[in-house]
Amino acid sequence: MKLKALFLAASLLAGSHALTAQAADIQSRLIRFGYGLNQDSNQGRAAKVFADQVEKLSGGKMKVRAIGTAALGSDIQMQQALIGGAQEMMVGSTATLVGITREMAIWDTPFLFNSGEEADQILDGKTGTLIKDKLQEKGMVGLVYWENGFRNLTNSQKPVQTSEDFQGLKLRVMQNNVFLETFRKLGANAIPLPFSELFTALETKTVDGQENPFNTILSSKFYEVQKYLSVTNHVYSPWIVTASKKWWDGLSAAEKDVLMKAAEASRDYEREDTRQEADKALAALKEHGMQVNVATPENVDKMRATIAPVNEQIKKEVGTEIWQAVQDELAALRKKGA
Ligand code: KDG
């Protein structure tokens, strides 16, 4: 009994020394964390969880100012601010990162994932981590992936039931060649725009439509300027939480540990929160008057066939090794029945 009590006292003492030491390695810091959606969105809620976790784990020394609605700039502008060291952190689309790390284009592959759970396994697995870590070569540090979600089409002109219905539709896409090519192949007039300009472009009919997960369509109130919603689930979009490498390299091991633990907690919260909201968002969009049609399996198959050549473009962009690694990891998962 005495040995156990001694052991317990020693470990508590060691633990408190570790905390004291760690606290000594943690400086008072203010971290600007930029994002593009509004604070009531799934992205905004998770940014607050990240901020709260950082403050808690650092004993109040590290404070995160989460700044939404692209107030610090578009995804691409914030990426440049991180690389230059003018901003500490952000969360944004992997799709807009392909100009910095071309391997991120693998996540733009239409119909790559069948479920969020599958996506989690691949993104958090060997190849997802390898691609995330490639950001460091370009001045950014990838911490964790969040879920943006499965993307669906909205427009103000007509229900889109078949591939033919895309003809002539002025469709906003993210600033990314794969999305541009995918919707051009479907016959749409694809127009790349930053997310921050999207609502106005829809409102002024500069574009007829756009594609985003139900969560974003709801939180950004696109239902106010879009009548038709076509459920296509044509691609699963990740977000990724990143830091400026210039800033990150100046942090102590203890400070990096705080940020990583907070990022992982925010990832787990965000995925759960996003999925719960997505289930309810479709019903909410109908209540807001959107006319919803679900693409039939035959029409999805026709879409897949029409855009299949895009896969060759992605394979060239990311390299055969990464392309095949993701295909093999998915096959192994599906064999296990993930
Ligand atoms: O900051 C907004 C981005 O997170 C962006 O990815 C949202 O999916 C999006 C889009 O369509 O731009």
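Start at 1 and go down the list; that is how both ligands and their atoms are numbered.
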Next item on the list: For residues 147-191, pull every pair meeting ring-ring contact (aromatic ring centres under 6.0 Å, His included), keeping only residues two or more places apart or in separate chains.
Entry: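 Those involving residues 147-191 are Phe150-Tyr236, Phe183-His234.
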Next item on the list: Determine whether Leu259 and Trp248 make a side-chain contact, defined as any pair of heavy atoms from C-beta on separated by less than 4.5 Å.
Entry: yes
Next item on the list: Report yes if the side chains of Lys63 and Arg29 come closer than 4.5 Å at any heavy-atom pair, otherwise no.
Entry: no
To check your reading of the model: name the closest protein heavy atom to [atom], its residue, and the distance in Å.
atom: atom 12 (O) of ligand 1; answer: Arg172 NH2, 2.8 Å
atom: atom 9 (C) of ligand 1; answer: Asn212 OD1, 3.5 Å
atom: atom 7 (C) of ligand 1; answer: Phe195 CD1, 3.8 Å

Check: Counting only heavy atoms, which portion of Thr96 has something under 4.0 Å from ligand 1: side chain, backbone, both, or neither?
Finding: neither
If the cut-off is 4.0 Å to any non-hydrogen atom of [X], which atoms of ligand 1 fall inside it?
X: Gln43; result: 4 (O)
X: Leu37; result: 2 (C)
X: Asp75; result: 1 (O), 2 (C), 3 (C), 4 (O), 5 (C), 6 (O)

Item checked: Test applied, side chain to side chain donor-acceptor pair (under 3.5 Å); reference residue, Arg45; option that passes from Asp273, Thr274, Asp40 ->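 Result for side chain to side chain donor-acceptor pair (under 3.5 Å) with Arg45: Asp273.
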Margin query: Strictly by side chain to side chain donor-acceptor pair (under 3.5 Å), give each pair with a member in residues 132-143 just once, sequence neighbours left out.
Written below: none
Notebook entry, point to check: Would Ser58 and Glu255 count as having a side-chain donor-acceptor pair, cut-off 3.5 Å?
Noted result: no
